[in-house]
Each structure stands twice: as C-alpha cells, then as structure tokens.
Engineer: 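I'd like to ask some things about the structure below.
Per chain, numbering begins at 1; letters A, B, ... match sequence-line order. What's counted below: heavy atoms across the whole structure, side chains too, no hydrogens, waters or symmetry copies.
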Protein chains: 2
Amino acid sequence: MRQITIYDIAKEAKVSVATVSRVLNGTAPVKASTRAKIEALIQKYQFQPNAMARSLLSKETGIIGVIVPDLTNPFFPEVFAGAEQEAQESGHTFLLCNTMGSYAKESEYLNIMQEKRVDGIVFIGGRINLKDCEPELVQEVVEHANKIPLVLVNGNLKNTELTRVVTDEYTGTLLAMRHLIELGHTQIGFIGGESHMTTTSIKLRAFRKALRDEGIPVREEWILPDSFSVDSGRQMMQKLLDMKEQPTAVCCVNDFTAIGAIKTAVENGLKVPDDISIVGFDDIPLAHHVIPELTTVSQQANELGRMAIKVLRQMMNKGKTKKLTALEPQLVVRQSTARL
Amino acid sequence: MRQITIYDIAKEAKVSVATVSRVLNGTAPVKASTRAKIEALIQKYQFQPNAMARSLLSKETGIIGVIVPDLTNPFFPEVFAGAEQEAQESGHTFLLCNTMGSYAKESEYLNIMQEKRVDGIVFIGGRINLKDCEPELVQEVVEHANKIPLVLVNGNLKNTELTRVVTDEYTGTLLAMRHLIELGHTQIGFIGGESHMTTTSIKLRAFRKALRDEGIPVREEWILPDSFSVDSGRQMMQKLLDMKEQPTAVCCVNDFTAIGAIKTAVENGLKVPDDISIVGFDDIPLAHHVIPELTTVSQQANELGRMAIKVLRQMMNKGKTKKLTALEPQLVVRQSTARL
DNA sequence: TTGAAAGCGCTAACAC
DNA sequence: GTGTTAGCGCTTTCAA
C-alpha cells in the first residue's frame, strides 16, 4: 500500500505542495481556511511526512547511533536508559547496535551509521577498552569521528583526541580497596576482567596502589583475571578456594563476577561476608536484590548515559566541548563485606 | 564538514554519476580501468553513499523499529538480542524505543517510526498487554499496521487481526503449578503482576485451573498481584508471611518478583526451598546465578525475538503469514522448589 | 498568502 | 560501457 505524500494532500486540497509544507512546519502564515482544509486532509489520511526526504535537505536525521558490546549485561541498558532520557529533550531517537564483542561488527555498524547519516555516535565497549588496539581499528574510528560527532564512553583510543565521557575507575577501585582495608583485610584477591583491556588494568593498578599505600604485599597468585561473566567469577573463586592459602576478601572487576564469586563461595560452605568479603563494581540494579546484597562501586550508569548525550549535543551544536568528562564513582556499602 | 557525494566522485573521476552508482551497486558492467579509478576515489574519501537518498527511491530503510516497555528488565534485552541475531541475515538494524510504560510514548514512537519509514515494527509490552485497552489506542496501532508490517510480541489487541508471536503463558504457568503440586504442595500463593494486564490474568487463570484440576481449593487471600518489580515481590511476600496461615509454595508472575520473594523469605528466617518453594517465570540469565538458583519457566526470550523477526520478514516480503505463532515455554527445575 | 521551481543524493530507465 | 535525465518526497527561495 503506497504511502501518501504531500502531493496527494496538495492535490486534494487544491493548493501547492509548498502550502502543505507550510502548515506542516508552521514556517509561514497560511490563511485559516486553507489551513483548516489541509489539516482535515492530513487527519483523514493520517499523513506523516517522510522523514528521509526531509533529512535529505536538512542534513539531520534525529537519530543517534549507539554501539554497545553486550546488552545482556545490565550495566548497558542502564546507560542506554540514561541516554534516552536525556535525548527526550532534543527529540533524538536511537539506532542501537549490539556487537557481542566483535570488532568486525563494530566496523560494520560504524559504516551503517555513517550511511544512515546519524546525527551522532556513542561508542561503548569493544575496541575502545583495548590496552593495545590495532592502528587500523583506531584510525577507522577517528575517520568516522571526523565526519560525525562521536563520543567514547568509558574507554579511550591511544594517540587520539576523541571526546570521552568516563567514570573514574581508578578512584572507584581505590574506594573499594580502602573500604576492605579499613575493615581489617590485608589478604585480598582480585577476580575477573581480561588483562588486555584497560578497564582491567586500570583497576589492577588501583588494586596494587591501595595495597602498596598500606605496605601490604601484593600476592600475585591471588590476581585472577579471566573475563567479565558470572561464570568467570565462579571459576576464579573456585581457583582461589583451592589454594593452600586464601584471601579473606576479594575485589571483583564487576558485579557479574562478584555474584559468581559469592555463589561459589557459598557452595563451598563459606559464609559471605563472615568468612570472606566480596566487593563488586558497577552497581547493577540486581546488586541490591542479591543475597547477600552486594557491596559495590556505583558507576552511575544512568548519569553516564545522560552525560554522553549532553556532550554529543554540544558537539552537534558546534559548541566547544571538553575532551574529557569524568564522573566520580561512589562506594555503596551493603552486605557482602564485613570486618575481619 | 560537508559529506561528499556521488557527484564529487563522478567529477573527480571524470565520469557520470550513473557510472559511480554502477560500481557502488554492481548493477551493470563497468570497464575495469574506470572502475579502478572510481574505487580509488571512494577509498580516498572514505565515501559512503547516503542511505536516505537511496531509501527515498527504494522505499526501504533497512531499519526495524522495536518498542519495549523497559530495557532494564533483562527479559527484553534477551528478546532484542534474538531479534538482532536473526536480523543479521537480512542486514536490518534497529531503532530501539523504550517507553517506560507510557502509552503516550508508545504513540510518539509509533509516529516517529512511521515518519522514518521503518521496514517493520516489533511491539512488546505496554498497551498490548492490557485486558481492556482503550479503542483509540487499539485503533492507532491498527492504522500503523496497515501501513507498515507490525508484529505484536507476547501481547494482543482485542478485535484486531494483528500478527502475533507469543509464548504460551497459560501452559507455562500450568507447568509451574503442576511441578509444585507434584512436589506435594497444596497451599500455594500467587505473587506479582498487575491485574489489568493480560499476562497476569492468563497466568492467574492457569493458576486457578491447576488447583481446580486437583480439587485443591483456591485461597483468594493468597493471590497478591501488585507489579512486576523485585520490590513488588518483596512486599507481597512480606504480606503473605504476615498472615496467620501461610502457603508452602508461591508461584510468581516473573523472575524479578520471585527474586524479591526469595529475598524477603530469607530475611524472615525461612529457608528456600526447605520452608517454602518459589517458582518464577521468564528464566532471565540471572535466574541460575541467584542463591538458591531459581526454578522457573523459560519463555525462550531469545527465540521469541528471532521468531518476531522471521515473521516480520515474511510480512515484508508479502509472503503469507500465520496470524499467530506460539512458542512452547519450558519448565526449568533448579533449586528454589522442593518436596513438601 | 500562495505557487513555481530548484535542489537534497541517489537510482534506473533510456539512449548512444 | 557510459551518459542524460527523470524522479523519490520534501523544503525553501523567489515571484507574484
């Protein structure tokens, strides 16, 4: 069924398309009677102007592209929700692309966004978290950023000047570690994350720093990166528990691994937090519904999303934009940590 | 910075735009030397053809609009992921719209999708779950469906012939209830959901039916709809526990409420499943990471998403489409239920 | 207050 | 093999 156009309306109203366009956009005065006639027709046919034809002229699509690594991790929907709230204001809507960690897909989606002429791009996860990203992958992003406003969320690309919005994960981890240390823990392990990713290495740096500050020796064998999943948390915790000497507290790379770690600890007959303290990172919604409720570091995911859009909007309006916006993470003490 | 066009390429290559278009689309043979020249230019400028101009002709945008009520409930990202996987094949990408339960937003997004001429619409949640949806809201959806292929996921709109993909929630609940009854439970409560929504009433119908089939009287005071959140599960469970007589098992409207119910039960000193059995519905990823692991009914969220796209694709290709596709839910027995 | 016409970037006849 | 040209549906001068 053919969609009706401004011509159909114009014809039936016996006016020119220009006039119809005028009542559609309120861009110039139209005699009340003609306006009424046209509006009636619009109503009658439920006419909606073709946004593409419009965008072709205006060079604006009203679409923001979002690249996320895995929507199944609740952290990302939170960020997205924040972005959506903020975008209400400017009437933007979202092309959401899930890469499932594939760099090839990131490229593919980047190209699609470029073709569709999205007004801006939010890039989270994937290659921008690599400690050592291949130059071509970096270059690709830079080239897109030259054409379309683009903001990196919680990531970075070396030797580039890309605009970024991040939570200060270093400080966040410090917060978590100091909390543990204040509770009397000195035997602390680290679980999860992938060592080739910056999130992980930043957190590990803070982990070591916190220990060193207190003159506590770092036990390398208790540092067990692996991945970001619940299962990873379970496996690494099991590894820890199979050792002769075990830590009394564990700092996890995110809430998923923390939930896994708790589960395995409990299965091994330990009580959390009495026998072992566990902290997560992110503060996903379920963190305070889990048993025991998770002590964690809030990334303010929602705020992160909002901020990304705010920054993007500045860029779209050609306003000057800070290259780096950092949000302060917050320690959220709940039930999974206790005094030694 | 002006985006470059097919004209720029044509000019510099000293050929017509038609030729450039031909190499872009491989739609007709082009002499190897000219082709090479053009391709070099495309490479040089990283030229990407404007998809809108293209769509204006082709009447296809390659975009599928998805309306979801709340991306923060992990069930929906799962559905979305399934849809995305399936859409790979046809190269579709997604305009994702989160309504946060607002019918006004649904209308708004529906209009935006219409304006943007998306190739198809997937509608989940919101008004399509209402037992009694206002005629205007129904009509609106029907009108959009007349112009754009549209599929309803896990919902329905009375007196319409809209295409639907659903999981059989009635059978699913029957499965859960029979499981409880086989374990010897006869004192069973129901928690969560909103009574004006079909999901809830379908499940309640099955709940009653299962009891009746076994000649077990229904205790109306143990039926506590409220909402779909974890907190709702907590509150309703507390209500149940505050009663003089308490059920030995609880059937929850979804996994969120089940997780809440477990939490409150545990806080009240009960052991799950020893003192009280609890079943959820949905089988969100966290269901088997929670302690105790949740016995629940799998909706096959991923498959649901895939199926929605498959059906949508049929509609887009004007193939004949079944009006109703039902997926069979599956009982997943884990640790939150036990013999009485 | 209204209309004619050019043009946004691309594709697809139709010629040559 | 390649170029010319007419749209796709809309906005926006410029005239009237």
Engineer: Looking at the side chain of A/A18, which of C/dA13, C/dA5, C/dT2 is the nearest nucleotide?
Structural biologist: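 Of C/dA13, C/dA5, C/dT2, C/dA5 is nearest to the side chain of A/A18.
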Engineer: Base, sugar-phosphate, or nothing for B/V15, non-hydrogen atoms under 4.0 angstrom?
Structural biologist: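 Sugar-phosphate only.
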Engineer: Side chains of A/K59 and A/R117: does their closest heavy-atom pair fall under 4.5 Å?
Structural biologist: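 Side-chain contact under 4.5 Å: no.
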Engineer: Whole angstroms only, please: what is the CD-P distance between A/Q114 and C/dG9?
Structural biologist: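 It works out to 13 Å between those atoms.
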Engineer: Given atom CD of B/E60 and atom P of C/dC10, what is their separation to the nearest angstrom?
Structural biologist: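 Result: 18 Å.
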Engineer: So, does A/S55 get its side chain near the phosphate of C/dC8, meaning an N or O under 4.0 Å from OP1 or OP2?
Structural biologist: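 Checking C/dC8 against A/S55, no side-chain N or O comes under 4.0 Å of OP1 or OP2.
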Engineer: Applying salt bridge (Lys or Arg N to Asp or Glu O under 4.0 Å) as the test, list every pair that has at least one member in residues 5-19 of chain B; sequence neighbours left out.
Structural biologist: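 Every pair satisfying salt bridge (Lys or Arg N to Asp or Glu O under 4.0 Å) with a residue in residues 5-19 of chain B: B/R2-B/D8, B/E12-B/K44.
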Engineer: Does anything in residues 86-139 of chain A pair up under ring-ring contact (aromatic ring centres under 6.0 Å, His included), and if so which pairs, sequence neighbours excluded?
Structural biologist: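 Only A/F80-A/F94 qualify under ring-ring contact (aromatic ring centres under 6.0 Å, His included).
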Engineer: Take atom CZ of B/R22 and atom C1' of D/dG3, then tell me their distance rounded to the nearest Å.
Structural biologist: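 Interatomic distance, CZ of B/R22 to C1' of D/dG3: 8 Å.
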Engineer: Pick out the pairs of N or O atoms, protein on one side and nucleotides 7-10 of chain D on the other, that lie under 3.5 Å.
Structural biologist:
| unit_1 | atom_1 | unit_2 | atom_2 | d |
| --- | --- | --- | --- | --- |
| D/dC8 | O3' | B/K59 | NZ | 3.1 |
| D/dG9 | OP1 | B/K59 | NZ | 2.9 |
| D/dG9 | N2 | A/A53 | O | 3.2 |
| D/dC10 | OP1 | A/N50 | N | 2.9 |
| D/dC10 | OP2 | A/I6 | N | 2.4 |
| D/dC10 | N4 | A/Y7 | OH | 3.2 |

Engineer: Give B/S58 one of three labels, base, sugar-phosphate or nothing, depending on what nucleic acid heavy atoms sit under 4.0 Å from its own.
Structural biologist: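 Answer is nothing: B/S58 stays at 4.0 Å or more from every strand.
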Engineer: So, do A/L71 and A/L96 sit near enough that their side-chain heavy atoms are less than 4.5 Å apart?
Structural biologist: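 Sidechains of A/L96 and A/L71: in contact.
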Engineer: I'd like to know if B/R35 reaches the base of D/dG1 with its side chain such that a donor and an acceptor end up less than 3.5 angstrom apart.
Structural biologist: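 Counting by modelled atom types and ignoring angles, no donor-acceptor contact under 3.5 Å is found here.
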Engineer: Just one of B/I63, B/L95, B/N111 clears the side chain to side chain contact (heavy atoms under 4.5 Å, CB included) bar with B/K116, so which one?
Structural biologist: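 Among B/I63, B/L95, B/N111, the one meeting side chain to side chain contact (heavy atoms under 4.5 Å, CB included) with B/K116 is B/L95.
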Engineer: Taking CG in B/N159 as the centre, count heavy atoms belonging to other residues, nucleotides or ligands within less than 6.0 Å. Is the count above 12?
Structural biologist: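 Atom CG in B/N159 is not crowded, with 12 or fewer foreign heavy atoms closer than 6.0 Å.
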